[in-house]
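Worksheet: the structure to be examined is printed underneath.
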2 protein chains.
Amino acid sequence: MKSIMNMVMDDIDRKIIDLLSGDARRSLADIGAAVSLSPSSVNERIKKLLADGVIKRFTIDIDPAKLALPVAAFVWIALREGADEAAFRAFAREDRHVSECHHVTGAWSYLLKVQVADLAALERFLATLKESGFLARSETVIALSTVVAPPFRVKDT
Amino acid sequence: MKSIMNMVMDDIDRKIIDLLSGDARRSLADIGAAVSLSPSSVNERIKKLLADGVIKRFTIDIDPAKLALPVAAFVWIALREGADEAAFRAFAREDRHVSECHHVTGAWSYLLKVQVADLAALERFLATLKESGFLARSETVIALSTVVAPPFRVKDT
DNA sequence: AATGAAATAAAAAAGTC
DNA sequence: GACTTTTTTATTTCATT
């Protein structure tokens, strides 16, 4: 089976992932010292983790507030009967405000997480959503504060 | 005011952030070519963005499924009357399954996002939550599929 | 702030076990 | 797979504008 071919991950790989999660700029020598491996071996393992898609990319974790996007909100979506679900998904993928979009169990069909400049921007986002014609109804919950934040990065353009 | 002292960000900084978001291993020369700046100038700007906390860290984006954590779920939390909220927040910060925790508006007090190995692990997590004594009640919504995923990284240990 | 040149450090490649 | 050595590339520092 191709998808799991050569995908044996061991404790060293997991440790490398831990270390890179904390600081992706650590040198191969530094990581090697931590896992008792030569820099080249670490390099080979990282290349393999990338090739296997375990590591999706090297990126930066940004403070959204410092990028003038301090407001996070969750939007529950019930799609209108007969809505073009593929188009809705494309909208979620492309819209810069949407940082997460999940198809979910329960009373609603989708849950969006959006990251915006202020409540006015949130209101405009919701207006856009309504105008797009996907929705039967929606419900919005605002994050007053965040205790555990996922990494934030700007969407590809 | 100290918190905003020297925090003038321009279009070049934003472009550098865009480029690093897409691939944090791009060389300074490469980024410099994209923004018409020398490698040293790009280096100085990145250092400043780190010092200012705009860039929180260089990290990797992992595929949680390939780390054997394929199940994402959202847990709405109503805290029990008189619950130790600081202790609840500490729990959320420390528990490895909790990838997000937000204090939210609306009928519930908190929203957690958890990333687990399977439904059994989710059940165990919810049991732990209940045993901890923070909850009045909770409601769990499972992500059937994810259209837009935030970066995922392992929590600091 | 930005630059180029010099110095240092790191990563990638090649070849061996 | 992992190691060492060599080569190539990248980063950092620093004096100058």
Side-chain angles (χ1 to χ4, degrees), chain A residues 1-63 66-68 151 153-154 156, chain B residues 1-63 66-68 151 153-154 156:
Chain A
M1 208 212 245
K2 189 166 190 187
S3 62
I4 56 162
M5 190 176 76
N6 291 332
M7 278 240 3
V8 262
M9 241 210 297
D10 61 13
D11 288 345
I12 293 180
D13 287 325
R14 274 181 281 275
K15 182 70 185 165
I16 290 171
I17 288 167
D18 280 6
L19 293 166
L20 291 175
S21 282
D23 177 7
R25 292 205 294 185
R26 294 182 71 151
S27 72
L28 300 175
D30 197 33
I31 296 165
V35 300
S36 308
L37 232 48
S38 71
S40 349
S41 296
V42 174
N43 198 17
E44 276 164 17
R45 278 169 179 263
I46 292 173
K47 282 194 149 65
K48 184 153 191 310
L49 289 167
L50 279 162
D52 291 345
V54 179
I55 297 175
K56 294 202 281 188
R57 73 210 309 167
F58 280 69
T59 189
I60 50 175
D61 181 9
I62 300 163
D63 183 341
K66 298 219 165 122
L67 265 196
R153 63 178 210 90
V154 297
D156 295 326
Chain B
M1 205 212 246
K2 188 167 189 187
S3 61
I4 57 161
M5 191 175 79
N6 290 333
M7 278 236 11
V8 263
M9 242 211 296
D10 61 14
D11 288 345
I12 293 180
D13 287 325
R14 276 180 281 274
K15 182 70 185 165
I16 290 172
I17 288 168
D18 280 6
L19 293 167
L20 291 176
S21 281
D23 177 8
R25 293 203 295 185
R26 294 181 74 152
S27 72
L28 301 174
D30 197 33
I31 296 165
V35 300
S36 308
L37 232 46
S38 70
S40 348
S41 296
V42 174
N43 196 21
E44 275 167 15
R45 279 170 178 263
I46 292 172
K47 279 194 153 65
K48 184 150 192 312
L49 289 167
L50 279 163
D52 292 344
V54 179
I55 298 175
K56 294 202 280 187
R57 73 209 312 165
F58 280 69
T59 187
I60 50 174
D61 181 9
I62 301 163
D63 183 341
K66 298 220 166 122
L67 265 195
R153 63 178 209 92
V154 297
D156 294 327

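Here the structure is a predicted model, which means the values were calculated and not measured. Hydrogens, waters and symmetry mates are skipped; everything else that's a heavy atom, side chains included, is used.
Nearest nucleotide to the side chain of A/L28, out of C/dA11, C/dA2, C/dG4: C/dA11. With D/dG1, D/dC3, C/dA5 as the candidates, the nucleotide lying closest to the side chain of B/S40 is C/dA5.
The interatomic distance linking A/I46 (CD1) with D/dG1 (P) rounds to 17 Å, in whole Å. Protein atom CG of B/L37 is 13 Å distant from nucleotide atom C1' of C/dG4, rounded to whole Å. For the pair B/E44 CD and D/dT13 P, the interatomic distance rounds to 11 Å; values are reported in whole Å. A straight line from CG of B/D23 to P of C/dA11 spans 14 Å, rounded to a whole angstrom. As rounded to whole Å, 18 Å separates atom C1' of D/dT11 from atom CZ of A/R26. We find that CG of B/D30 is positioned 10 Å from P of D/dT11, with the value rounded to whole Å. Distance CZ (A/F58) to P (C/dA11): 9 Å, rounded to an integer number of Å. Atom P of nucleotide C/dA1 and atom CE of B/M7 are separated by 13 Å, given to the nearest angstrom.
The phosphate of C/dA10 (OP1 or OP2) has no side-chain N or O of A/R25 nearer than 4.0 angstrom. Contact check, B/K47 against D/dT11: no side-chain N or O comes under 4.0 Å of OP1 or OP2. The shortest distance between the side-chain N/O atoms of B/N43 and the OP1/OP2 oxygens of D/dT12 is below 4.0 Å. Of the side-chain N and O atoms in B/S41, one or more sit less than 4.0 angstrom from OP1 or OP2 of C/dT3.
In B/K56, the NZ atom is crowded: over 12 heavy atoms of neighbouring residues, nucleotides or ligands sit closer than 6.0 Å.
Residues B/D18 and B/L20 have side chains not in contact (no heavy-atom distance under 4.5 Å, counting atoms from C-beta outward).
Looking at every heavy atom in both residues, A/K66 comes nearest to B/M9 through O-CE, 3.3 Å. Heavy-atom minimum distance, B/S21 versus A/I62: OG-CD1, 3.5 Å.
Across all strands, B/S27 comes closer than 4.0 Å only to sugar-phosphate atoms, never to a base (heavy-atom distances).
Note: B/I17 CD1 to A/L67 CG = 5.0 Å, rounded to the nearest 0.5 Å.
Nearest-nucleotide positions on DNA chain D place A/D10 closer to the 5' end than the other of B/P39 and A/D10.
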